[in-house]
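Below you'll find the structure, written out as structure tokens, and then a few comments.
By convention here, the first residue in the shown sequence is residue 1. What you see is a predicted model; the values in this text were computed from it and never measured.
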Amino acid sequence: MFKIIEMSFVIPRDQSVSELSSFSEYTLNLIMDYYNLQDNQKYCYQFVNTRRYSQQLVEFVVEKIKFDSDLIEHLRKNKKR
């Protein structure tokens, strides 16, 4: 049903744990908006009044962050207001 994903990383000396663990619903929405994932049923679907996410979405996001470790920061800075 659910898969537990373990991730490990080394904290650079110039960053704190709180800076690195700032993945939130806001962050997820940035990624989903940028890649237009909310319209793709492979990643996201509406169940009654709740949005549900698939394991494929988790894997997609993890791969994107692995490929570009600054992805979230870039999306935050470039978000249109």
Side-chain angles (χ1 to χ4, degrees):
M1 183 171 180
F2 291 101
K3 182 177 177 183
I4 297 174
I5 298 175
E6 292 185 32
M7 296 180 69
S8 61
F9 54 89
V10 176
I11 301 171
R13 291 178 188 228
D14 61 339
Q15 290 183 315
S16 68
V17 173
S18 62
E19 290 175 309
L20 294 174
S21 61
S22 60
F23 195 92
S24 65
E25 184 177 357
Y26 173 76
T27 309
L28 177 60
N29 287 330
L30 282 175
I31 293 170
M32 291 191 60
D33 289 345
Y34 183 77
Y35 291 103
N36 196 30
L37 301 176
Q38 63 274 12
D39 295 331
N40 188 331
Q41 289 185 349
K42 178 180 176 182
Y43 300 118
C44 176
Y45 56 95
Q46 196 73 25
F47 181 75
V48 186
N49 293 328
T50 304
R51 186 178 284 173
R52 301 290 183 187
Y53 303 103
S54 68
Q55 181 63 35
Q56 288 92 344
L57 175 66
V58 174
E59 293 166 2
F60 177 86
V61 170
V62 169
E63 286 303 313
K64 292 296 180 184
I65 293 171
K66 281 181 179 178
F67 181 74
D68 180 4
S69 61
D70 295 325
L71 173 67
I72 296 169
E73 191 59 34
H74 291 288
L75 294 177
R76 284 183 181 148
K77 287 180 180 177
N78 295 324
K79 180 166 174 38
K80 296 179 182 176
R81 298 184 189 249

What residues, two or more places apart in sequence or in another chain, satisfy side chain to side chain donor-acceptor pair (under 3.5 Å) together with Ser69?
none
Rounded to the nearest 0.5 angstrom, the CG-NE2 distance for Leu30 and His74 is 13.0 Å
Lys66, Lys64, Glu59 screened by side-chain contact (heavy atoms from CB on, under 4.5 Å) with Val62, the one that passes:
Lys66
For the student: nearest non-hydrogen atoms of Leu75 and Ile31, plus distance:
CD1-CG1, 3.7 Å
Where do Lys42 and Gln56 come nearest, in terms of heavy atoms and distance?
O-OE1, 3.8 Å
Between atom CD of Gln41 and atom CD of Gln46, what is the distance when rounded to the nearest 0.5 Å?
11.0 Å
Shortest non-hydrogen contact from Met32 toward Gln38
O-OE1, 2.9 Å
Leu28 side chain reached by Leu57 side chain, heavy atoms, under 4.5 Å:
yes
Can you measure from CD (Glu63) to CG (Leu71) and round to the nearest 0.5 angstrom?
12.5 Å
Determine, step by step, whether Gln55 and Val58 satisfy the side-chain contact (heavy atoms from CB on, under 4.5 Å) criterion, reporting the C-alpha distance in whole Å, the side-chain angles of both residues, the deciding distance to 0.1 Å, and the verdict.
CA-CA 5 Å; Gln55 181 63 35; Val58 174; 4.1 Å; yes
side-chain contact (heavy atoms from CB on, under 4.5 Å), that's the test. Do Tyr34 and Asn78 meet it? Break it down for me.
CA-CA 10 Å; Tyr34 183 77; Asn78 295 324; over 6 Å; no
Aromatic ring proximity, centroids under 6.0 angstrom, Tyr35 and Phe60:
yes
